[in-house]
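Count residues from 1 along the sequence.
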Amino acid sequence: MPSLFFLPNPFFRFKQVSIPWKDHLSNPFFAHLQSNYFHDMSGFFCQSLSHESPTFFLPIDPKSHGVPDQHLSFLPERVDVRTSCNGILCCQGRRNDKAYYLCNPVTQKWRKLPRHSADHGCDPAIVLTIESSPDFLTEYKIVCAFQSPHGCEFEVYFSAEGRWRISGDIHFGNRKPISASGISVNGIVYWRTNQLYHLTFDLMTERSKLLFGGTHMGTLGVIDGKLCTTFIDGRVLVVKVLSNPYTNTMPIDSEVKTWEDKMRIRLPKSVRKDSTLSAWKKFEEYDYGRVVSASGN
């Protein structure tokens with residue numbers, strides 16, 4: 001059934017077709033292949049900054065991209081989505097203990113993580129990264145950049161060990177990572193900071209450094225396996241990709257740039273630069289995909 005690899009998420013609806021289909025779709029090998037074939041965006045998880053209303057899922061196409069429980073009410077408490085990777089959410093509870101939960105909104109399977117050692121703050125800058133092996137054993141890590149009296153430190157949760165561990169690396173300086181801005185690309189975690197630099201943390205060496213970002217605005221993402229940053233310049237949506245992270249070691253007169261343009265999209269007048277993400281307005285279709293504009297409180 002090679003055509004099944006291109007089914008949109010959630011494909012669990014097709015398990016009701018027949019017993020052979022159910023067995024085939026429940027096979028871990030199929031899940032592995034399907035995750036490699038289907039990379040389209042399904043929708044967005046939205047949440048109120050005031051935490052008064054529950055988190056909810058907004059599908060791009062409700063008929064093909066829905067989830068069984070859009071409010072994540074299968075979890076033991078109301079949560080805020082802190083980070084995600086490959087369809088897996090890392091959420092934080094709203095009760096006093098601020099527990100972390102890892103969940104799959106499609107299958108509704110979830111796991112409560114053990115208590116961390118450090119104080120992650122009320123709005124933690126955490127990033128989830130998932131690594132799949134050929135034997136289908138999936139390991140994941142969660143990295144939190146937190147402030148301490150010494151500087152910016154890093155606490156990492158290792159699923160293989162089932163515990164948190166504070167890294168020995170400390171980043172000194174006044175550049176603080178911005179929560180909900182982090183992303184993992186090829187084993188390196190990136191956060192935007194309150195200045196023109198991004199903070200990076202290598203998961204292999206457990207070493208941090210600064211990367212020139214070019215702008216303190218924008219959103220980090222991934223295009224073609226490379227780190228990208230997206231921001232609005234006037235009425236133009238600009239997407240840049242990381243071309244060379246080592247420009248800080250090159251001569252001053254070097255023409256090699258850290259970032260290079262990937263695309264520039266002129267936005268219609270209906271898209272406002274100061275729009276917020278709490279109320280969705282419409283989708284604009286372009287050759288490279290969708291641009292979402294929003295308005296409201």
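In summary, the aromatic rings of Tyr100 and His116 are positioned with their centroids under 6.0 Å apart. Ring pair His171/Trp191: centre-to-centre distance not below 6.0 Å.
Below 30°, between 30° and 60°, or above 60°: for Phe45 and Phe57 the angle between ring planes is between 30° and 60°, a tilted geometry.
Residues Cys46 and Thr55 have side chains not in contact (no heavy-atom distance under 4.5 Å, counting atoms from C-beta outward). Contact of the Phe146 side chain with the Asp119 side chain is not registered, since no non-hydrogen atoms from C-beta on lie closer than 4.5 Å. The side-chain heavy atoms of Leu89 and Leu102, taken from C-beta on, include no pair separated by under 4.5 Å. For the pair Ile188/Leu203, no side-chain contact is recorded, criterion being any heavy-atom separation below 4.5 Å from C-beta on. Counting only heavy atoms from C-beta outward, the side chains of Tyr190 and Val185 approach each other to under 4.5 Å. Between Arg264 and Val239, the closest side-chain pair of non-hydrogen atoms is not below 4.5 Å.
Residues satisfying the salt bridge (charged side-chain N to carboxylate O under 4.0 Å, His left out) test with Asp123, not counting sequence neighbours, are Arg82.
Val222 and Phe231 end up in different hydrophobic clusters when Ile, Leu, Val, Met, Phe, Trp and Tyr side chains are linked at under 4.5 Å.
Taking CD of Glu153 as the reference point, atom CD of Gln147 lies at 9.5 Å (rounded to 0.5 Å). Ser184 OG to Leu128 CG: the interatomic distance, rounded to the nearest 0.5 Å, is 8.5 Å. Here the straight-line distance linking atom CD of Glu155 with atom CD1 of Ile142 works out to 10.5 Å at 0.5 Å rounding.
Between Lys262 and Asp224, at least one side-chain N (NZ, or NE/NH1/NH2) sits under 4.0 Å from a carboxylate O, which counts as a salt bridge. Salt-bridge formation is detected for the pair Lys240/Asp261: a Lys NZ or Arg NE/NH1/NH2 atom is positioned less than 4.0 Å from an Asp or Glu carboxylate oxygen.
Sorted by first and then second residue, the pairs that involve residues 162-171 and meet salt bridge (charged side-chain N to carboxylate O under 4.0 Å, His left out), not counting sequence neighbours, are Glu161-Arg163, Arg165-Glu206.
Here the side chain of Thr229 pairs no donor or acceptor atom with the backbone of Leu220 at under 3.5 angstrom. With hydrogens and angles ignored, the 3.5 Å screen pairs a side-chain donor or acceptor of Thr193 with a backbone N or O of Tyr197. Checking side-chain atoms of Trp164 against main-chain N and O of Pro114 turns up a donor-acceptor pair under 3.5 Å. A donor-acceptor pair is defined here as one N or O able to donate and one able to accept, closer than 3.5 Å; no such pair exists between the side chain of Asp233 and the backbone of Val236. Asn104 places no side-chain N or O within donor-acceptor distance of the main-chain N or O of Gln108, the cut-off being under 3.5 Å. Between the side chain of Trp110 and the backbone N or O of Pro105 there is no donor-acceptor pair closer than 3.5 Å. Checking side-chain atoms of Ser208 against main-chain N and O of Thr200 turns up no donor-acceptor pair under 3.5 Å. Within the 3.5 Å criterion, the main-chain N or O of Lys257 finds a donor-acceptor partner in the side chain of Ser243. Within the 3.5 Å criterion, the main-chain N or O of Cys90 finds no donor-acceptor partner in the side chain of Thr83.
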Audit row: Tyr140, Tyr157, side chain to side chain contact (heavy atoms under 4.5 Å, CB included) steps and yes/no: CA-CA 8 Å; Tyr140 57 90; Tyr157 177 80; 3.6 Å; yes

Residues Ile183, Val127; criterion side chain to side chain contact (heavy atoms under 4.5 Å, CB included); working and verdict: CA-CA 6 Å; Ile183 192 170; Val127 175; 5.5 Å; no

Candidate pair Ile170 and Cys152, rule side chain to side chain contact (heavy atoms under 4.5 Å, CB included), full reasoning: CA-CA 6 Å; Ile170 301 177; Cys152 181; over 6 Å; no

Step-by-step side chain to side chain donor-acceptor pair (under 3.5 Å) determination, Ser159 to Glu139: CA-CA 6 Å; Ser159 63; Glu139 295 185 1; 5.3 Å; no

Side chain to side chain contact (heavy atoms under 4.5 Å, CB included) assessment of Leu211 paired with Leu199: CA-CA 6 Å; Leu211 172 70; Leu199 177 63; over 6 Å; no

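Gln195 and Asn174 are linked by a side-chain donor-acceptor pair at a separation below 3.5 angstrom, with hydrogens and angles left out of the test. No hydrogens or angles considered: nothing links the side chains of Gln92 and Tyr101 as a donor-acceptor pair under 3.5 Å.
Annotation for Arg115: atom CZ counts as buried by contact number, over 12 foreign heavy atoms lying within 6.0 Å.
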